[in-house]
Number of protein chains: 2
Amino acid sequence: MNFNYKVIGNILGILLIINGGFMLLCLGVSLYYDESESISLAISSAITLLSGFVLWLATHKKTTKDLRKKDGYLIVSLGWIVMSFFGVLPYVLSGTIPSITNAFFETVSGFTTTGASILSDIESVSKGILFWRSLTQWIGGMGIIVLALAILPFLGIGGMQLFVAEAPGITPDKLKPRIQDTAKRLWYLYVGLTFIEAIALYLAGMGGFDAVNHALTTMATGGFSTKNASIAYYDSSLIHYIIIFFMFLAGTSFTLTYIALIKRNFNKVFRNEEFVVYLVFTVVITAIVTTALMVVQDFGLALSFRDALFQVVSLVTTTGYATADYTSWSSFLTVLFFILLFVGGSAGSTAGGVKIIRHVVLFKNSFLELKRQLHPSAIMPVRISGKAIDQNIVYNVLAFIMIYILVFLVGVTLLSSMNVNFDTAFGAVATSLGNVGPGIGDVGPANNFSGMPVGGKWLLSFLMILGRLELFTVLMLLSPYFWRKR
Amino acid sequence: MNFNYKVIGNILGILLIINGGFMLLCLGVSLYYDESESISLAISSAITLLSGFVLWLATHKKTTKDLRKKDGYLIVSLGWIVMSFFGVLPYVLSGTIPSITNAFFETVSGFTTTGASILSDIESVSKGILFWRSLTQWIGGMGIIVLALAILPFLGIGGMQLFVAEAPGITPDKLKPRIQDTAKRLWYLYVGLTFIEAIALYLAGMGGFDAVNHALTTMATGGFSTKNASIAYYDSSLIHYIIIFFMFLAGTSFTLTYIALIKRNFNKVFRNEEFVVYLVFTVVITAIVTTALMVVQDFGLALSFRDALFQVVSLVTTTGYATADYTSWSSFLTVLFFILLFVGGSAGSTAGGVKIIRHVVLFKNSFLELKRQLHPSAIMPVRISGKAIDQNIVYNVLAFIMIYILVFLVGVTLLSSMNVNFDTAFGAVATSLGNVGPGIGDVGPANNFSGMPVGGKWLLSFLMILGRLELFTVLMLLSPYFWRKR
């Protein structure tokens with residue numbers, strides 16, 4: 001056979017067992033709060049655990065063959081899809097979200113750490129189910145860390161090789177040792193930061209349950225909130241700034257955070273070009289938005305700054321929490337926030353979207369092209385953090401961005417053909433593909449996705465997966481070339 | 001000095017003399033119709049001729065130095081800007097468009113063959129001035145032919161080298177022989193086709209004056225009409241189809257038209273990949289729009305097809321005539337037509353925008369990138385019309401498209417900061433940069449640009465020039481690197 005189906009099946013089995021385990025955790029929460037949804041969580045967990053165990057049992061015999069690239073593509077795409085299909089169980093069985101379409105949308109939005117929701121009244125949902133909803137994002141975030149730091153560089157996708165050299169304990173060799181060496185340490189970091197944020201939010205006055213949930217969805221740059229008004233529910237500035245801090249951290253490469261917090265090598269962090277651009281960009285855009293809010297909206301400085309910073313960090317890190325309906329501010333800010341949907345956080349973080357490093361490559365290459373025009377024979381490589389980047393990687397990054405735009409336009413065209421209006425279609429597709437959460441138009445932060453047509457929900461679910469898996473992974477599976485035997 | 005200012009000045013002088021001459025022609029028209037605007041046309045012509053002559057006299061001493069690349073960039077940008085400054089004279093002096101901002105917008109829209117207008121009542125404008133308005137587009141079109149076929153390939157801009165091999169009598173050597181050999185033959189073709197279209201329109205029942213004006217602006221893919229309702233004014237299908245035919249021709253590379261009509265080598269035309277894509281794309285999109293109009297709007301087949309074909313050809317060739325308000329049809333068609341604003345006609349035609357050849361390179365390279373992912377060591381060049389394209393050209397094309405998108409987004413952000421709403425800002429910037437004419441939102445085909453803020457008009461004028469001159473030419477002048485002496 002062309003693929004190593006045994007290993008693929010084995011990994012999928014393990015994924016399901018992990019998910020089933022997390023559902024057990026939700027069952028615990030549900031029992032603690034004495035909710036009637038406990039029974040459906042128990043059934044969901046049993047089905048998922050059993051399916052995972054059977055799959056694992058059927059495939060656990062060690063094969064001698066190593067994983068190859070082609071297997072990697074399949075594992076990644078199938079992993080997210082299989083998780084999403086089992087992830088709908090708690091919603092559907094409990095009757096919280098009876099429609100399969102809506103439940104699938106909500107689950108995909110979770111596992112892809114997007115945060116777009118079809119729930120109109122979140123606060124009426126039981127705690128056990130809400131906890132599962134937050135956990136889908138947190139599990140998704142764990143998946144992304146492995147994906148970004150180990151699998152994508154191995155597959156050579158979209159310039160993800162660019163920061164591999166920076167990762168601790170990475171050898172440019174096989175897939176296995178990478179996952180083991182790198183991912184574990186960063187997972188500990190991820191778990192630790194979630195824990196710290198939860199405590200910080202609790203100390204700042206957020207309820208215990210809400211603090212844990214918001215910590216789970218912040219670190220995943222997910223953005224599911226347990227409140228209908230998202231973070232706007234809390235009028236404590238401290239809570240806003242704590243969340244801003246952790247969103248910013250979650251949008252930073254976990255490798256860098258590891259270097260900074262564990263190795264205490266801050267020098268290395270500030271020599272990392274992507275991080276510096278991320279920081280400067282956030283500051284500049286926040287300054288612009290603050291000014292706009294002070295001048296046009298006549299807010300005071302403190303409120304303008306807090307609201308500006310919150311929304312900018314939330315969108316740039318693709319988290320998607322909101323403390324204000326930014327689409328109601330002004331035409332300029334709507335356009336600006338729409339553009340922010342395309343930025344994405346740092347590579348190697350849990351953020352989705354295009355990613356800052358790709359924009360840096362794009363900009364540098366574009367301006368170099370002007371110079372190349374005048375001196376066609378001179379060789380002018382793109383330099384990142386002082387090092388010349390291989391032409392092929394630059395190529396790959398440009399192709400990635402092009403395909404991103406192409407997929408975006410196809411998505412908008414399809415969605416608009418289902419009678420969704422111009423700005424809503426633009427916003428919904430951009431926010432889904434970029435794994436942000438809220439969009440503009442009818443899917444702005446003050447609204448939700450329940451009004452989207454059924455076909456549109458499936459389309460947007462597909463786009464969330466496509467964006468989350470860095471396009472190429474999924475598109476590869478759709479190309480006949482991939483399936484050809486040789 | 002760094003630049004060959006004498007030759008640059010000399011060429012600008014000649015350009016002004018030519019423009020002054022064309023103004024004399026308008027004076028003739030005005031006198032023939034016995035209009036009071038004759039005197040302002042006479043003064044405009046005198047000022048322009050005199051300025052041109054003085055400039056020419058001051059610089060006409062032959063210098064031995066050849067033109068270099070840097071001079072080329074200056075000539076091109078200055079050429080369009082200087083023409084636009086003198087081109088406002090007839091509008092302002094006659095009082096037809098008293099505001100300098102509006103007059104400049106209208107003139108730039110003319111010389112860049114865009115066709116966006118600030119005139120609310122075109123039919124009340126005198127014939128002499130209307131003729132000048134149409135002529136600005138026709139003159140712009142002549143300029144574009146030299147630019148596209150001789151100057152841009154010499155400067156190596158955005159993949160314009162790709163079709164140079166196809167041009168008759170072109171040697172990859174100096175600038176001068178190219179202009180003389182190629183441009184003249186294609187100018188004769190341009191003049192000839194304009195003549196034939198005017199006669200065809202006249203025979204189809206259009207008045208003589210209108211037939212000439214519409215022929216002038218069709219062949220330039222300009223789109224200025226002498227009627228408020230644009231081509232919708234005429235209910236003769238024959239007139240619609242004649243204009244469709246000539247728009248399509250004007251959006252085809254003039255080199256190819258030359259090969260087809262003069263050399264009668266149709267084989268070569270159908271082996272040209274850009275032309276085939278242009279043809280197939282137009283057919284496919286027309287089929288989609290026709291279906292949408294029949295199903296959703298409940299138009300009959302004949303009307304659906306005619307309206308679909310007209311609007312699609314008008315937008316793809318960046319002409320910008322309208323026979324219907326396509327923004328009122330449906331959300332899907334609005335999005336589709338918005339996307340069409342980015343297509344652009346063929347390279348080497350008078351059409352603006354990104355150009356089809358660049359899209360072809362973009363698509364091929366993107367799909368190849370998926371294959372390259374699986375086999376990183378294999379070399380897979382992009383092939384156009386069967387020939388492998390140099391990596392550097394592919395690079396250049398990608399950079400061009402990226403900068404195009406970047407400029408578009410900056411434009412939208414700036415325009416929206418002047419309180420222009422989301423879809424209007426998107427439409428106005430896309431149509432200006434793409435040199436199309438009408439946009440969507442408040443600048444759709446049923447409206448005009450008079451309502452844009454003053455700053456917005458200057459911004460859009462700048463974008464029209466930027467788009468018309470293939471970005472790099474103008475952006476180069478804005479880069480400090482260009483002005484550095486070495």
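Reminder, nothing fancy here: chain letters follow the sequence lines and each chain counts from 1.
- By number of non-hydrogen pairs under 4.5 angstrom with chain B, the leading residue of A:Leu414, A:Val394, A:Asn419, A:Asn392 is A:Val394.
- Remark: B:Phe367 pairs with no residue by the ring pair (Phe, Tyr, Trp, His ring centres under 6.0 Å) rule, at least two apart or across chains.
- Using a 4.5 Å heavy-atom cut-off against chain A, the contacting residues of residues 332-341 of chain B are B:Phe332, B:Thr334, B:Val335, B:Leu336, B:Phe338, B:Ile339.
- For the atom pair CZ (A:Phe472) and OG (B:Ser366), the distance works out to 7.5 Å, reported to the nearest 0.5 Å.
- The shortest heavy-atom contact between B:Met476 and A:Leu370 is CE-O, 3.1 Å.
- Proximity to chain A is absent for every atom of B:Leu471, based on heavy atoms less than 4.5 angstrom apart.
- Interface check for chain A: of the options B:Ala399, B:Gly441, B:Ser417, the most heavy-atom pairs under 4.5 Å are formed by B:Ser417.
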### Message
Assess the residue pair B:Asn365 and A:Tyr395 against the criterion (side-chain contact (heavy atoms from CB on, under 4.5 Å)); give the C-alpha distance rounded to whole Å, side-chain angles, the decisive distance to 0.1 Å, and a yes or no.
### Response
CA-CA 9 Å; B:Asn365 184 64; A:Tyr395 229 59; 3.3 Å; yes
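- Among residues two or more places apart in sequence or in another chain, the side-chain contact (heavy atoms from CB on, under 4.5 Å) test is passed with B:Asp442 by B:Asn421, B:Thr424.
- A:Met402 and B:Leu398 get closest at one heavy-atom pair: CE-O, 3.6 Å.
- Contacts between B:Ile405 and chain A at a heavy-atom distance below 4.5 Å involve the side chain alone, from C-beta outward.
- For residues 371-380 of chain A, every residue pair satisfying the salt bridge (Lys or Arg N to Asp or Glu O under 4.0 Å) rule, not counting sequence neighbours, is listed here: A:Glu369-A:Arg372.
- Here A:Ile288 contributes atom CD1 and B:Thr413 contributes atom OG1; the two are 9.0 Å apart, rounded to the nearest 0.5 Å.
- A donor-acceptor pair under 3.5 Å is formed between the side chain of B:Ser331 and the backbone N or O of A:Val420.
- B:Phe342 does not touch chain A: none of its heavy atoms, backbone or side chain, sits under 4.5 Å away.
- For B:Leu406, the part lying under 4.5 angstrom from a heavy atom of chain A is the side chain only.
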